[in-house]
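Heads up: the structure comes next, in structure tokens.
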Amino acid sequence: MLVLVSAITLVISGIGIMNIMLVTVTERTREIGVRLAVGASAKMILLQFLAEAMMISLSGGALGIAVGVAIPLSVGLFAGHSDTDFTGGDRGGVRVSCLVGLVFGILPANRAARLNPTEALRYE
């Protein structure tokens, strides 16, 4: 049951990241057109937007890890236990967070990389 809830949460957060990145591509169409017109390759545009999607996802994952560590530590502090042990799941959380950003950032990054420079420069 926990795996199912986690999977649904990851898909919903991934869709949110994809929507944010699609809006970002739409708002920055002229900037992308300028970069393409002065010689930036489609690969560089693709990598830029994938990196942005991964950073958004990573910041959300880092916030989740911080809350996940702070709650047991604060409960242990108030309960008088100082032997709170963490199993290293935070590294897995960071990896999954980056993977979600990468997977759900592909569509907006492709859309940005495939823009026609002349059309993008005319975009209002």
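The structure presented is a predicted model; accordingly, all values stated were derived computationally and were not measured.
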Exercise for the section: For F49 and N110, run side-chain contact (heavy atoms from CB on, under 4.5 Å): C-alpha distance rounded to whole Å, both residues' side-chain angles, the deciding distance at 0.1 Å, then the answer. Expected result: CA-CA 9 Å; F49 280 94; N110 272 335; over 6 Å; no
Which atom of [X] lies closest to which atom of [Y], heavy atoms considered:
X: V100; Y: G14; value: CG1-CA, 3.8 Å
X: G33; Y: A120; value: CA-CB, 3.5 Å
X: T26; Y: Y123; value: CG2-OH, 3.3 Å
X: A109; Y: L50; value: CB-CG, 3.9 Å
X: L102; Y: M54; value: N-CG, 3.7 Å
X: A112; Y: I32; value: O-CG2, 3.6 Å

Problem - side-chain contact (heavy atoms from CB on, under 4.5 Å) between L77 and L73, worked out - result: CA-CA 6 Å; L77 180 69; L73 286 178; over 6 Å; no
Rounded at 0.5 Å granularity, tell me how far [atom1] in [X] sits from [atom2] in [Y].
X: L99; Y: L58; atom1: CG; atom2: CG; result: 12.5 Å
X: I17; Y: L22; atom1: CD1; atom2: CG; result: 12.0 Å
X: K43; Y: I45; atom1: NZ; atom2: CD1; result: 13.5 Å

Same cluster or not: are [X] and [Y] linked, directly or through other Ile, Leu, Val, Met, Phe, Trp or Tyr residues, by side-chain heavy atoms under 4.5 angstrom apart?
X: M44; Y: L115; answer: no
X: V94; Y: V96; answer: no
X: I15; Y: L10; answer: yes

Handout entry: Heavy-atom donor-acceptor pair, S97 side chain to G93 backbone, under 3.5 Å
Key =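 A pair under 3.5 Å: no.
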Practice task
Examine distances only and state if a side-chain atom of S57 and a backbone atom of A53 form a donor-acceptor pair shorter than 3.5 Å.
Solution key: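 Such a contact is absent between S57 side chain and A53 backbone.
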Handout entry: Over 12 foreign heavy atoms within 6.0 Å of CZ, R111
Key =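 Result for CZ/R111: open.
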Exercise for the section: Could you check M21 against I56 for side-chain contact (heavy atoms from CB on, under 4.5 Å), going step by step and ending with a plain yes or no? Expected result: CA-CA 9 Å; M21 292 308 298; I56 291 171; 3.7 Å; yes
Exercise for the section: Check whether any side-chain heavy atom of E52 sits under 4.5 Å from a side-chain heavy atom of M55, and report yes or no. Expected result: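 Contact flag for E52/M55 side chains = no.
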Problem - Partner set under side-chain hydrogen bond (donor to acceptor under 3.5 Å, both in side chains) for R95, not counting sequence neighbours - result: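 If we apply the side-chain hydrogen bond (donor to acceptor under 3.5 Å, both in side chains) test to R95, skipping adjacent residues, there are no hits.
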